[in-house]
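Note that these values count all heavy atoms, side chains included, but never hydrogens, waters or copies made by symmetry.
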Amino acid sequence: MTALGFLYPGHSGEDDYPRIEQLLGSDIRVDLVHTDPGEGAHRVDTLRDMGSPARLAAGVEELRLSGAEAVVWASTSGGFTHGWDGAREQIRALAATAGMPASSTSFGFTHAARELGARRVAVGAAYPRDVTGLFAEFLRAAGLEVTGVHGAGLGTAAEAAAWGEAELLALARAADRPEAEAVLLPGTALRTAAHLPALEKEVGKPVLTANQVTVWEGLRLADRRVNAPELGALFTREPLVQV
């Protein structure tokens, strides 16, 4: 059994995690601890505060008791709004507090894009334009070329959580560019786990979504690889370990 720990801010799209656990179809356990999201608004100041050391540390002890082997801060905007260096310091502090390997959704996107061999990516986010732009800057700091940026302008995670497949497909279409090798949809409030095949069919290329890459990042930290095609191209890479 591989136990993965996730610190998830508030309550919005967290039902993706049991769905992903089921789709992995293996001896993977996904443990979720909810952190205080604060105001929950898609503003840079509140998003930075959401990922403060105190808020993250509050959930760590529960994860340790669960037997988690690695921990991922399951928030995209709660990481990248700190900038590249700030986000790295955030996960260094989390690893030290938790006493286990740590990462965040923001870094999960950069690692997943490299896994797919995608150097040119398009971004479609539910966030306002300024917040979406900070994610694009984060990706560029990782060495990725951002071919297009689309922000839907939603003000809160709750609004994003209310989206269904139609809105997600529209977001992917609005973000995509012919030269992009993958489309990235940040925001762990978006419920995307059930829609990954449809999203990839819609744009004809890999789609990386926040909750998907968050779990993949946890598996990467635990040195596990699982073949789960229903979770998109990211989970069908070679070499595979089927359990």
Side-chain angles (χ1 to χ4, degrees), residues 4 6-7 9 42 44 47-48 50-51 53 56 70-96 101-151 171-172 175-190 192 196 199-200 203 205-223 225 231-237:
L4 306 175
F6 301 94
L7 298 175
H42 284 162
V44 174
L47 294 170
R48 286 175 178 160
M50 185 172 67
L56 298 186
V71 57
V72 183
W73 166 222
S75 170
T76 326
S77 57
F80 70 74
T81 51
H82 292 266
W84 182 265
D85 291 336
R88 289 189 66 179
E89 180 54 38
Q90 182 185 62
I91 63 169
R92 279 197 293 264
L94 178 58
S103 189
S104 69
T105 305
S106 291
F107 287 108
F109 271 108
T110 67
H111 296 149
R114 291 192 190 115
E115 173 75 5
L116 292 172
R119 297 299 302 271
R120 297 185 302 277
V121 301
V123 172
Y127 315 130
R129 182 177 299 178
D130 61 334
V131 177
T132 306
L134 290 177
F135 182 53
E137 289 180 18
F138 185 89
L139 297 173
R140 293 186 185 107
L144 298 173
E145 179 184 344
V146 180
T147 65
V149 179
H150 174 77
L171 180 65
D176 191 25
R177 297 292 182 274
E179 63 272 25
E181 296 167 315
V183 175
L184 278 53
L185 306 183
T188 55
L190 293 175
T192 60
L196 284 158
L199 285 163
E200 295 193 330
V203 297
K205 63 189 66 172
V207 175
L208 298 177
T209 69
N211 293 324
Q212 171 212 38
V213 304
T214 299
V215 175
W216 180 87
E217 182 74 347
L219 290 167
R220 188 189 69 82
L221 290 176
D223 198 26
R225 300 189 59 118
L231 291 173
L234 181 61
F235 280 83
T236 57
R237 300 290 294 168

Can you name the nearest heavy-atom pair linking [X] to [Y], along with the distance?
X	Y	value
Ala118	Leu144	O-CD2, 3.4 Å
Asn211	Leu190	ND2-O, 3.3 Å
Val131	His42	CG2-O, 3.8 Å
Thr214	Ala74	CG2-CB, 3.8 Å
Ala70	Gly218	CB-O, 4.3 Å
Thr147	Ala180	OG1-CB, 3.5 Å

Output all residues satisfying side-chain contact (heavy atoms from CB on, under 4.5 Å) with [X], sequence neighbours left out; order by chain, then residue number.
X	answer
Asp130	Val44, Pro128
Ala210	Thr76, Thr105, Phe109, Thr188
Ala142	Trp84, Thr110, Arg114
Ala87	Phe107, Phe138

Set of salt bridge (charged side-chain N to carboxylate O under 4.0 Å, His left out) partners for Arg88, sequence neighbours left out: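 Here no residue qualifies.
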Identify, with sequence neighbours excluded, every residue that meets salt bridge (charged side-chain N to carboxylate O under 4.0 Å, His left out) alongside Glu145.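 So Glu145 forms no salt bridge (charged side-chain N to carboxylate O under 4.0 Å, His left out) with any residue.
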Run through Leu185, Val123, Leu171, Val183 and flag the one making a side-chain contact (heavy atoms from CB on, under 4.5 Å) with His150.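 So the option named by the test is Leu171.
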Could you tell me whether a side-chain N or O of [X] sits under 3.5 Å from a main-chain N or O of [Y], the two making a donor and an acceptor?
X	Y	result
Thr81	Gly78	no
Gln212	Leu231	yes
Arg129	Gly151	no
Glu200	Pro206	no

I want to check something: taking the side chain as every heavy atom from C-beta on, are Val121 and Leu208 in contact at a cut-off of under 4.5 Å?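 Side chain of Val121 against side chain of Leu208, heavy atoms only: no contact under 4.5 Å found.
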Does Thr192 have any side-chain hydrogen bond (donor to acceptor under 3.5 Å, both in side chains) partners at least two apart in sequence or in another chain, and if so, which?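 With sequence neighbours excluded, Thr192 shows a side-chain hydrogen bond (donor to acceptor under 3.5 Å, both in side chains) to Thr209, given in chain and number order.
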Contacts of Glu89 that satisfy side-chain hydrogen bond (donor to acceptor under 3.5 Å, both in side chains) - sequence neighbours left out: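 Only Arg92 meet the side-chain hydrogen bond (donor to acceptor under 3.5 Å, both in side chains) criterion with Glu89.
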So, taking the atom named [atom1] in [X] and the one named [atom2] in [Y], what distance separates them when rounded to the nearest 0.5 Å?
X	Y	atom1	atom2	answer
Leu134	Arg48	CG	CZ	7.0 Å
Met50	Trp73	CE	CH2	5.0 Å
Ser106	Gln90	OG	CD	7.5 Å
Leu196	Leu234	CG	CG	9.0 Å
His111	Leu221	NE2	CG	8.5 Å

Within a radius of less than 6.0 Å around CZ of Arg119, do more than 12 heavy atoms belonging to other residues, nucleotides or ligands occur?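 Check fails, neighbour count at 12 or below.
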Show me the pairs that pass salt bridge (Lys or Arg N to Asp or Glu O under 4.0 Å) and involve residues 209-219, at least two apart or across chains.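 Salt bridge (Lys or Arg N to Asp or Glu O under 4.0 Å) check on residues 209-219 returns Glu217-Arg220.
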Keeping to residues at least two apart or across chains, list the salt bridge (Lys or Arg N to Asp or Glu O under 4.0 Å) pairs with something in residues 175-186.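 Non-adjacent pairs meeting salt bridge (Lys or Arg N to Asp or Glu O under 4.0 Å): Arg120-Glu181, Asp176-Lys205.
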With Phe6 via ring pair (Phe, Tyr, Trp, His ring centres under 6.0 Å) - residues at least two apart: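 For Phe6, the residues satisfying ring pair (Phe, Tyr, Trp, His ring centres under 6.0 Å) (neighbours in sequence not counted) are Tyr17.
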Please report the C-alpha distance between Leu184 and Val213 in whole Å, then the side-chain angles of each, then the deciding distance to 0.1 Å, and finally whether the side chain to side chain contact (heavy atoms under 4.5 Å, CB included) criterion is met. CA-CA 10 Å; Leu184 278 53; Val213 304; over 6 Å; no
